[in-house]
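Read the structure below first, then the notes.
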Amino acid sequence: MDDALRYLDTAGLRRLYAARQLSPVEFTEDTLALIADLDPALGAFVTVAADRALAEAARAEERVLRLGEAAWEGRPLLGVPLSVKDLTATEGIRTTRGSLALRDAVPGQDAPAVARLRRAGAVVLGKTTTSEGGWSAGTVNRLGPAAANPWDLSRSAGGSSGGAGAAVAAGLGIAGTGTDGAGSIRIPASFCGVVGFKPTHGRVPYVPHCPDRLAHLGPLARTVDDAELLLRVMAGPDARDPDSLLPPHDPPAGDGPLRIAWIEGLTAPGSTGPADRQRAAVERLAAAGHHVEEIPPPFGDAYPALVTLLAATEAAASPAADDALADPARLAVVRHGRTLSAVQLVRAEAERAELTGKLASCLERFDVLAMPTVPVPPFAVDAWHPDAPAYDDPLAWLSWAPAAFPFNMAGLPAVSVPAGFGPEGLPVGLQLAAARHHDALVLRVAKEVERANPWRDAHPGKDRDLT
């Protein structure tokens, strides 16, 4: 498949389909061939559902041939190949959650988001690699190879939606779904040079319901428009997720100047990556007429509370009978969770409420918060944290990404959008966040960053051997 097709967006693909210059079956076959060629080195997919994908593509093709332009009415993703993270249930396609204990599990029902994607005409290529249970922000598990970064196969794609980030960056599908409990969409988006959007908590139903109320389901794509399209398809209430009953309308994004806070001070031990590229992206927003002000981080260290919330959830989801099959590093987190008391959980929830209040106060002064998505470049492909002694303790497993998890704790919408390339020639992401339900505002600013940064002129297949 040539690069013009491999890196298409949904709008371009639809134009080719409508003009009968490309068919859904042809494009799906070519994408599956590309996966077969590249994925042994990339490790983006844990399961490829080739036969089912081709059957879905054939149904899309029949509809296009029969109805022409009318084929897309009610089906905005008709014939669009995409991937689903292996934490999210897919009827008839195994969902391992990155776990040896579930390596043969095949759900009998799609998760609500997947069912909506299928109804919109999407072609599900297969399931993308995740860390076990999505526990870490490096996509390493015991089922197969780690998800490698398409820009440098010796580096991590990030995690835990690393397979999705790698697949989208490498052109293995138009887009993908991810989940994000503490940065797991935005970290791989930053590492891999794609767009990763964590919507307002509950905007996309999360089934089965996550008791810590940290997990979000959202899109990864090569353009903000495609991320927004997937979000529109997946969003909406579902009775199985009690947090998903949200107001039906977003506040308008508007088109006037915005008050943007630039926060560079969210760093971690071992941070090595300067924020020059992200700062330059924000300066372009200022040049476009927005009011930009640099501020210190508007909250304190919320990491201990996050550890309590996540470790308790990991323990609740992990029967002792599965300990022998568990990832050893994750098992240390699970065992810590088993020692926690109800009092400790309540205190962690109180700290979460305090953090939420501080962010709410900050967002009364500013419309959007901007900062580097992560303070470090991609680490080694087979690691789940940067190579620094500070992270050798499994309970420090996410402390290296202090800009990511606070927006999970507060349930706010946040996106990582490519801002160029760092000193090592690898992508860097700019994170944008806004108040609850202001998803459209976050995406509006992300599109402005995207237009001002010609990052799409390069791609990981250019002058690189991904095999």
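- Using a distance-only test at 3.5 Å, with no hydrogens or angles considered, a donor-acceptor pair links the side chain of Arg186 to the main chain of Ala404.
- Glu448 and Arg284 are not joined by a salt bridge, as no carboxylate oxygen comes within less than 4.0 angstrom of a charged side-chain nitrogen.
- Although no hydrogens or angles enter the test, the distance criterion places a donor-acceptor pair under 3.5 Å between the side chain of Asn141 and the main chain of Gly144.
- For the pair Leu172/Phe45, a side-chain contact is recorded, criterion being any heavy-atom separation below 4.5 Å from C-beta on.
- Side chain of Thr128 to main chain of Gly163: no donor-acceptor pair is present (N/O by atom type, distance under 3.5 Å, no hydrogens or angles).
- Within the 4.5 Å cutoff, no side-chain heavy atoms of Thr95 are placed close to those of Thr88.
- No more than 12 heavy-atom neighbours from other residues, nucleotides or ligands sit within 6.0 angstrom of CG on Asp255.
- Looking only at distances, no side-chain donor or acceptor of Asp327 sits under 3.5 Å from a matching main-chain atom of Glu132.
- Ionic pairing of Glu264 and Arg279 is present here: one or more N-O contacts between side-chain nitrogen and carboxylate oxygen are shorter than 4.0 angstrom.
- A donor and an acceptor atom, one from each side chain of Ser161 and Lys85, are located under 3.5 Å apart.
- Taking the six-membered ring where the residue is Trp, the centroids of Phe379 and Trp384 are separated by 6.0 Å or more.
- Here Asp86 pairs with Lys127 in a salt bridge; the nearest charged N to carboxylate O distance falls below 4.0 Å.
- Other residues, nucleotides and ligands contribute at most 12 non-hydrogen atoms within 6.0 Å of the CZ atom of Arg347.
- Checked by atom type and distance alone, the side chain of Trp151 pairs as donor or acceptor with a backbone atom of Cys192 at under 3.5 Å.
- Between Pro251 and Leu441 the shortest side-chain heavy-atom distance does not fall below 4.5 Å.
- Scanning both residues, Ala434 and Leu363, for their nearest heavy atoms gives C-CD1, 3.7 Å.
- You'll find the side chain of Leu8 reaches within 4.5 Å of the side chain of Leu16, heavy atoms only.
- For the 3.5 Å distance criterion, the side chains of Ser244 and Asp238 fail to qualify, holding no donor opposite an acceptor.
- Using modelled atom types, no side-chain atom of Asp439 and backbone atom of Pro413 make a donor-acceptor pair closer than 3.5 Å.
- No donor-acceptor pair closer than 3.5 Å links the side chain of His385 to the backbone N or O of Trp397.
- Residue Asp393 qualifies as enclosed at atom CG: its count of foreign heavy atoms under 6.0 Å is above 12.
- Side chain to side chain, Thr223 and Lys447 fail the donor-acceptor criterion of an N or O pair below 3.5 Å.
- Listed for the Arg365 side chain is no donor-acceptor partner under 3.5 Å among the backbone atoms of Arg259.
- The backbone N or O of Leu22 lies less than 3.5 Å from no partner atom in the side chain of Tyr17, so there is not a single donor-acceptor pair.
- Contact check on Asp152 versus Arg155 returns a salt bridge, with a Lys/Arg side-chain nitrogen under 4.0 Å from an Asp/Glu carboxylate oxygen.
- For Glu314 and Arg330, the salt-bridge test passes: some basic side-chain N is under 4.0 Å from an acidic carboxylate O.
- Side-chain atoms of Asp301 do not come within 3.5 Å of backbone N or O of Pro304 as any donor-acceptor pair.
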Evaluate the criterion salt bridge (charged side-chain N to carboxylate O under 4.0 Å, His left out) for residue pair Arg213 and Glu349; output intermediate values, then yes/no.
-> CA-CA 11 Å; Arg213 302 179 354 270; Glu349 287 291 356; 3.6 Å; yes
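- The pair Glu450-Arg222 does not meet the salt-bridge criterion, since no charged nitrogen lies less than 4.0 angstrom from a carboxylate oxygen.
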